[in-house]
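Sequence lines set the chain letters: A, B, ... in the order given, protein chains first and strands last, and positions in each chain run from 1. Computed from heavy atoms alone, side chains included, the values below leave out hydrogens, waters and symmetry copies. A quick note: this is a predicted structure, and the numbers were derived from the prediction, not measured.
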Amino acid sequence: MSGLEIEGLRKAFGSTPVLRDVSFEAAAGSFVVIVGPSGCGKTTLLRSLAGLETVDRGAIRLDGRDISDLTPAARNIAMVFQNYALYPTKSVRENIAFGLRQRRTPRAEIARRIADACEALQIGHLLDRRPSQLSGGQRQRVAIGRAMVRDPALFLFDEPLSNLDAGLRNDLRIEIKRIHNKMGTISVFVTHDQLEAMSLADILVVMRDGRIEQIGAPYDVFRKPVNKFVAGFIGTPAMHFLAAHVEDGHAVLGGGSRVEIPSLAAVPNSTLVEIGVRPDDVSLVGQESGAIAGLVDVTQELGTNRLVRVNTVAGELSVLQSAHEPRPAGPVGVRLSPQRALVFLRPSGEILG
Amino acid sequence: MSGLEIEGLRKAFGSTPVLRDVSFEAAAGSFVVIVGPSGCGKTTLLRSLAGLETVDRGAIRLDGRDISDLTPAARNIAMVFQNYALYPTKSVRENIAFGLRQRRTPRAEIARRIADACEALQIGHLLDRRPSQLSGGQRQRVAIGRAMVRDPALFLFDEPLSNLDAGLRNDLRIEIKRIHNKMGTISVFVTHDQLEAMSLADILVVMRDGRIEQIGAPYDVFRKPVNKFVAGFIGTPAMHFLAAHVEDGHAVLGGGSRVEIPSLAAVPNSTLVEIGVRPDDVSLVGQESGAIAGLVDVTQELGTNRLVRVNTVAGELSVLQSAHEPRPAGPVGVRLSPQRALVFLRPSGEILG
Amino acid sequence: MRPIPTALRTLALVAFATVAIIPVYWMALSAFRPNAVVMQWPPAVLPGSFSLEAMRSLFAETPILSWLATSLAVTVGSTLLTVTIATLAGYALSRSRSRLTGLAGYAILIAKMLPGTLLIVPLYVMFFQAGLLDGRQAVIAVILANCSFATPFATWMMKAFFDGIPKEIEEAALIDGCSPFTAMLKTVLPAAAPALAAVTIYVFIVAWNDFLFARTFLPGGETMTIAAASTQFLGEVEMAWNKVMAVALIAAAPVFAMFLILERQFVAGLTGGTH
Amino acid sequence: MRPIPTALRTLALVAFATVAIIPVYWMALSAFRPNAVVMQWPPAVLPGSFSLEAMRSLFAETPILSWLATSLAVTVGSTLLTVTIATLAGYALSRSRSRLTGLAGYAILIAKMLPGTLLIVPLYVMFFQAGLLDGRQAVIAVILANCSFATPFATWMMKAFFDGIPKEIEEAALIDGCSPFTAMLKTVLPAAAPALAAVTIYVFIVAWNDFLFARTFLPGGETMTIAAASTQFLGEVEMAWNKVMAVALIAAAPVFAMFLILERQFVAGLTGGTH
């Protein structure tokens with residue numbers, strides 16, 4: 001098969017397991033983003049793909065070839081590191097050419113590939129500088145160029161943007177995606193920033209505690225998370241959870257408000273659940289009947305929108321509203337959108353239905 | 001006058017001016033956020049308010065009293081620093097009590113105020129620890145508590161959240177706003193993060209090169225920036241600018257597309273302008289007549305929405321669309337919303353009208 | 001991944017251990033052996049043949065208690081003087097923004113490199129002219145010489161540590177109602193305790209172990225430091241080697257003891273962190 | 001804000017300058033004065049009365065060229081040996097993840113504190129037993145002793161520098177097609193050039209200025225280092241003080257020269273940064 005197959009990877013540092021049976025596949029040309037909180041094993045997984053860590057069990061196949069036991073040099077991969085990892089004593093040109101020289105690529109071919117990379121990344125004017133003379137953004141461009149010229153079968157990115165500031169991070173994100181689209185190889189990108197993960201991924205892999213929690217297209221993971229962890233981790237502003245129990249197909253929230261939710265129709269009474277509500281799935285209404293009563297706590301302007309934090313009888317909620325609307329204050333009512341609300345079982349956190 | 005008045009502040013380090021005639025006023029109870037790129041003088045301004053820097057000229061009045069020449073101790077202010085600046089050898093309790101002890105506050109009163117701060121900031125369980133035993137978020141809570149118990153006439157915040165990670169930053173932002181609302185003093189908050197600035201401010205002060213570019217409510221600054229700098233600096237995703245010239249009340253863009261913009265009605269022909277377009281003020285349409293022709297470059301999923309970067313004949317544009325819609329690819333048309341487009345004069349960057 | 005082969009690593013560590021650790025081991029072993037065992041060839045490298053012969057004859061036949069007293073006087077004096085100067089100068093250098101600071105920092109870097117050998121001749125001449133080299137008051141000359149030798153590095157250590165204490169801590173104290181002086185006293189000095197400990201140990205060790213200044217300035221006989229006295233048996237025709245090793249061991253003991261007691265502060269001081 | 005009063009700062013800097021700088025100034029001045037001017041009281045503190053009298057008599061009456069040659073042999077030998085061991089051991093310590101490393105680091109910290117005085121007695125005994133102290137081959141003993149003294153700190157410096165070179169650089173080289181050994185050779189060693197320079201200077205200075213080992217191990221006469229020889233005129237009844245100062249100055253000159261030439265690398269090496 002063409003593409004990347006990972007099967008049953010396990011690894012422990014001493015007695016601490018960091019990868020517990022990790023498996024997934026990615027077709028040729030896909031952009032895989034592995035996301036999760038720190039310590040979830042995402043970096044170890046990436047380093048295992050690179051051959052910088054050995055795994056205890058499991059197989060890694062790239063385009064049908066088992067690379068699990070190969071040295072990093074023999075895997076035909078390229079990697080971009082969080083701290084850039086440029087060779088400090090070499091010029092930018094030598095940095096980019098180093099991998100090709102080690103592989104005895106002809107001189108003219110090296111020059112051609114460097115020219116290509118310079119064009120794609122706008123680093124032509126930096127070629128004779130040392131890494132220490134570059135800004136953070138320029139260093140990471142050079143590191144991407146160094147990976148690109150190798151024309152590898154697999155691109156690995158280890159949180160490459162997390163040392164850069166917000167504006168630069170966004171620019172480089174777009175350039176990485178552009179280069180990926182152009183080259184058509186598989187990219188595996190590790191990050192702890194879920195928004196970065198969403199915006200880059202074709203395939204989003206959410207990890208926790210050395211396990212994969214969910215794999216899917218970003219929008220599917222966003223709309224149909226498999227459990228409370230994924231629901232709370234993916235999405236900005238974050239989802240709020242309201243404790244409730246089921247009564248005749250309704251969710252009964254704290255304070256007694258009842259919300260009819262379609263997916264609860266067949267659920268036995270008294271089942272303990274949590275209702276997951278994203279800020280753009282709730283709206284502020286007057287203190288009318290049927291709405292959840294609450295008090296405006298803090299409002300935050302976001303530009304086109306405004307985020308209103310409300311303390312309700314059922315718990316804390318955030319409401320996203322248009323900044324055109326008058327700024328709310330004092331007592332208000334909050335209405336959920338029953339179609340969009342997600343229901344999680346307590347205490348397992350598994351999604352219902 | 002009750003409140004903060006700053007009048008004609010000037011300061012230079014050697015021959016480099018860092019504050020050039022800075023003036024503004026803030027009524028009692030307002031939350032002022034000073035935002036700008038690094039080196040714009042915002043931190044120097046804040047430190048001048050604190051008395052940690054002396055100004056060359058100008059006056060600072062707090063509740064009608066001129067404090068410009070007072071020592072920091074005599075100004076009745078409190079400050080929260082970016083690096084927390086907790087006293088490393090003192091316990092959390094001693095850190096919070098230090099300022100009160102220096103002022104010979106009675107023991108019972110100190111205990112009462114510490115209890116209040118602990119309740120507001122949930123740091124009661126940390127009182128006997130040393131700063132080195134706290135996480136970054138906990139340290140900043142303690143630093144806020146130390147400022148709070150002093151019950152000052154002016155709260156100063158010097159980028160207090162920029163060493164924290166995204167989730168924590170958002171939580172603490174809400175808590176700072178909450179405490180501000182409760183205490184009713186004036187807060188002056190410095191940040192380089194425009195989204196943080198927007199979401200906290202009652203009064204937003206945008207600085208550049210030692211000057212105030214614009215002062216106003218966040219939504220007003222967002223919708224009616226005075227010039228291209230403010231327009232490009234405030235708002236996420238960022239505004240794009242398309243070069244154009246005026247012809248019979250239309251903006252003629254690169255590639256020849258013509259857009260009728262109301263505010264151009266009275267502008268002489270051939271005037272050089274730039275059209276500022278936010279991603280939520282443009283929409284993707286078919287390749288129909290009147291639309292700006294372009295090619296989809298990179299798409300980024302953001303959750304509920306999707307950001308589509310399009311290379312058009314008129315320049316690069318980003319379009320925000322609902323993630324429900326099918327993912328666009330290949331050739332598309334882009335339509336601006338003429339009512340929402342902002343027009344800036346070239347080369348001055350001043351807004352038109 | 002192991003970027004270097006295990007063999008190479010082992011070799012390097014063994015070479016290191018050989019040059020740095022073995023002499024100390026050998027000294028401790030020999031001090032508690034009969035002289036005959038120490039002198040035998042090939043040497044007995046493993047512990048065994050315990051004897052207090054050397055220690056006993058040392059206390060009986062030499063003015064070792066007077067040597068220890070002289071060492072103590074020199075060490076305490078040098079330490080107090082140097083730590084005071086280094087703390088004040090280090091703080092001044094760390095907190096000053098002026099040009100002068102850069103120059104002074106540079107001067108320290110150069111002075112740090114100056115070894116005692118370079119200092120001794122001009123110091124001798126100066127002390128001689130000042131009449132400091134007569135009898136017991138030569139102890140003062142040794143104290144001043146040690147201070148001259150140890151101050152640059154001690155100042156640099158203190159400056160490096162103060163540099164690691166953010167100036168915002170003093171600024172917070174100013175806002176909290178302190179004067180500049182009380183801000184330093186109540187917030188910075190307590191935080192500098194590990195550096196003070198480290199510098200104290202450093203000066204203590206330099207002064208206690210000084211050989212050059214003591215040998216050159218002190219009159220000898222009873223007025224001699226234990227470190228300088230420990231070598232005076234070398235080269236004698238009939239050496240009691242176990243006795244020599246025993247003096248060396250006694251001379252070294254306080255250094256080891258001090259190091260073990262204050263080791264944690266010392267490491268914290270060296271690494272310069274406040275957290 | 002000035003957190004400390006100017007007067008205090010000035011006082012501290014003056015105290016520092018007094019103890020660290022004045023002896024050097026006095027030495028340079030006296031070496032080029034007639035002996036009568038040097039001996040006058042009160043001393044003439046400003047430059048003046050230039051004379052080459054001391055230098056001339058030095059080269060005519062003492063084996064100073066032989067002393068310089070001995071110094072050179074000792075210094076070059078010590079430097080080569082120590083830098084090699086320190087580089088390998090420092091790299092091994094920096095890159096190893098094992099428990100052993102922690103222990104070795106600890107041993108270095110202790111060994112760093114061991115002064116030459118502590119080492120000299122056991123070294124003397126060991127060298128004597130090995131027959132190294134006879135005639136000219138005593139130079140080897142001095143080299144080994146210098147190495148033993150300088151290796152811990154040199155290793156620590158190299159380790160600290162290697163610690164500052166991210167291991168990702170070698171990993172990038174592995175991915176780029178290097179073996180572990182070529183990765184180290186082609187990426188890490190070049191980056192360590194400033195540290196190598198710093199350690200070289202350090203060992204050079206230690207070895208060149210060593211007084212203790214040379215005085216104890218070398219037979220004397222022509223076979224003596226310049227640093228050790230420079231003090232042997234002290235305490236003579238009729239001292240030619242300007243001559244003493246001239247020897248000291250000649251002994252110090254290479255150190256100053258080396259420092260000025262390599263100063264930039266040295267500072268970079270000390271501060272341990274790769275950028």
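- Of the two parts of B:Ile174, the backbone and the side chain both hold a non-hydrogen atom closer than 4.5 Å to a non-hydrogen atom of chain A.
- Using non-hydrogen atoms only and a strict 4.5 Å limit, the part of residues 275-285 of chain A facing chain B consists of A:Asp280.
- Chosen from A:Ile234, A:Leu195, A:Thr304, the residue pairing most often with chain B at heavy-atom distances under 4.5 Å is A:Thr304.
- For A:Ala323, the parts sitting under 4.5 Å from any heavy atom of chain B are the backbone and the side chain alike.
- Options A:His324, A:Gln300, A:Gln194, A:Arg173 differ in how many heavy-atom pairs under 4.5 Å they form with chain B, and the most are formed by A:Gln300.
- Residue A:Thr299 holds its OG1 atom at 8.0 Å from CG of B:Asn181, rounded to the nearest 0.5 Å.
- For chain A, the nearby parts of B:Arg178 are the backbone and the side chain; heavy atoms of each come within less than 4.5 Å.
- Nearest heavy-atom pair, B:Lys177 versus A:Val298, reported as atom, atom and distance to 0.1 Å: CG-CG1, 3.7 Å.
- In this view, A:Val226 and A:Gln214, A:Val230 satisfy the side-chain contact (heavy atoms from CB on, under 4.5 Å) rule, not counting sequence neighbours.
- Salt bridge status for A:Glu301 with B:Arg223: absent, with no side-chain N to carboxylate O gap under 4.0 Å.
- Atom-to-atom distance recorded for A:Leu302:CG and B:Ser199:OG is 6.5 Å, nearest 0.5 angstrom.
- When heavy atoms are compared at a cutoff of 4.5 Å, B:Asp165 does not approach chain A at all.
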